[in-house]
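Keep in mind that the numbers below use all heavy atoms, side chains included, and drop hydrogens, waters and symmetry copies. Nothing here was measured: the structure is a model prediction, and the numbers come from that model. Whatever order the structure lists ligands and atoms in, that order sets their numbers, starting from 1.
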Amino acid sequence: MSMRRFVASGPSEASCRDFAEDVAYSLAQSPRQLPSRYLYDELGSSLFEAICRLPWYRIARIEQSLLRSHANAIFSCLPPVSTVVELGPGSGEKLVTLLGALPARGATVHLVDVSPAALDNAASALAASSSLTVATHHATYEEGLAAIGRSGAAAGQTLVVFLGSNIGNFDPPGTDTLLRGIRAALGPGDALLLGTDLVKPEPELLLAYDDPLGVTAAFNLNLLVRVNRELGGDFDVNQFSHRAVWNAPESRVEMHLVSRSRQRVQVRGSRIDITFEAGESIWTESSYKYRTDDLAPMLGRAGFKVIGQWQEDGFALTLAEAR
Ligand code: AVI
């Protein structure tokens, strides 16, 4: 087994500047916010991997089981695939399962993630099990797709894989934009495999996002640790608590960091000086949950047609062809 591996793009100075500007902009919003993509520094990525092992957070396990059962069926719906692009590969375990059923040898796999730790983990997972060319793109999904497009079209079809209900972390306009961006990077007959968590009873959702071991709380609070370290902030992490809320009208679980007291916080790198009231919260993540009927129209708006769908235990894998 051999794997050729190259890093196609790396972190830019601009991305550090973006972090400082995004923090300044989003903390000034009402309600105050921090973008969820910054949850994934090295520690945040490890905490997310730990979340995926919690009994109360089942997305990764159910999806893995769906992929084990249906990977052959997925590829049998498609013409020969020579390029696989995974957006947000996490540990890479699910991609390994899927690629176990890939009929073509010598395929190229592109991994796109803002977390270098996730890229390393995923590339190592693929190294152990496949004969592939692997390119890692330390980039946002949009930047990664653009870089892959510029690297030139290979013979055969492309399959974009977007698993783990990562799409749920985009608000609806952002979802449409992202899906259209994916479609624009593909040609007719290429495909998208999308993993989505489905709406389920509120107590189940809240346990998944506020677990009894406090791992999700640590994952959320680590965002303040990151702001302190990278941007010279002075958040007192003990003065904030994690809260998960099911917002039924918007069909999303929200994560918040709630100020335990009236307190002043400065972030030098973002030139901000804020007073938080006791009980005031910073909204750090939305995790949208879908109804199966939502998926075909959502994909259709972006130029995809659903050609397969597999469901288990409140989770759906949907295969859609670019029209
Ligand atoms: C990565 N993403 C799909 C996870 C989710 O479920 O929204 C992130 C997460 N947040 C809290 N727990 C897990």
Taking 4.0 angstrom as the limit and counting only heavy atoms of [X], give me the atoms of ligand 1 inside it, by number and element.
X: S165; result: 3 (C)
X: N166; result: 1 (C), 2 (N), 3 (C)
X: F219; result: 9 (C), 10 (N), 11 (C)

Hey, does D18 have a side-chain heavy atom less than 4.5 Å from the side chain of Y38?
yes

Decide, yes or no, whether a salt bridge links R32 with E277 under the criterion of side-chain N to carboxylate O below 4.0 Å.
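No.
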
Counting only heavy atoms, which portion of N169 has something under 4.0 Å from ligand 1: side chain, backbone, both, or neither?
side chain

Y288 contact mode with ligand 1 (heavy-atom cut-off under 4.0 Å):
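None of Y288 does.
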
E42 atom CD: more than 12 heavy-atom contacts under 6.0 Å:
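Incorrect, the count does not exceed 12.
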
More than 12 heavy atoms of other residues, nucleotides or ligands under 6.0 Å from CZ of R262: is that the case?
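It does not: R262 CZ has 12 such atoms or fewer within range.
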
Where the closest heavy atom to atom 6 (O) of ligand 1 is concerned, which of F48, Y209, W56, Y40 has it?
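Result: the heavy atom closest to atom 6 (O) of ligand 1 is in Y209.
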
Identity and separation of the nearest protein heavy atom to [atom]:
atom: atom 7 (O) of ligand 1; result: S287 OG, 2.6 Å
atom: atom 10 (N) of ligand 1; result: E285 OE1, 2.8 Å
atom: atom 4 (C) of ligand 1; result: Y57 OH, 3.3 Å

Classify the angle between the aromatic ring planes of F276 and F235 as parallel (below 30°), tilted (30 to 60°) or perpendicular (above 60°).
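Rings of F276 and F235: tilted, as their planes differ by 30° to 60°.
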
Parallel, tilted or perpendicular for F162 and F170, by the 30°/60° rule?
perpendicular

Side-chain (N220) to main-chain (H256) donor-acceptor, under 3.5 angstrom:
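Checking the backbone N and O of H256 against the side chain of N220, a donor-acceptor pair under 3.5 Å is found.
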
Can G164 be said to touch ligand 1, with heavy atoms closer than 4.0 Å?
yes

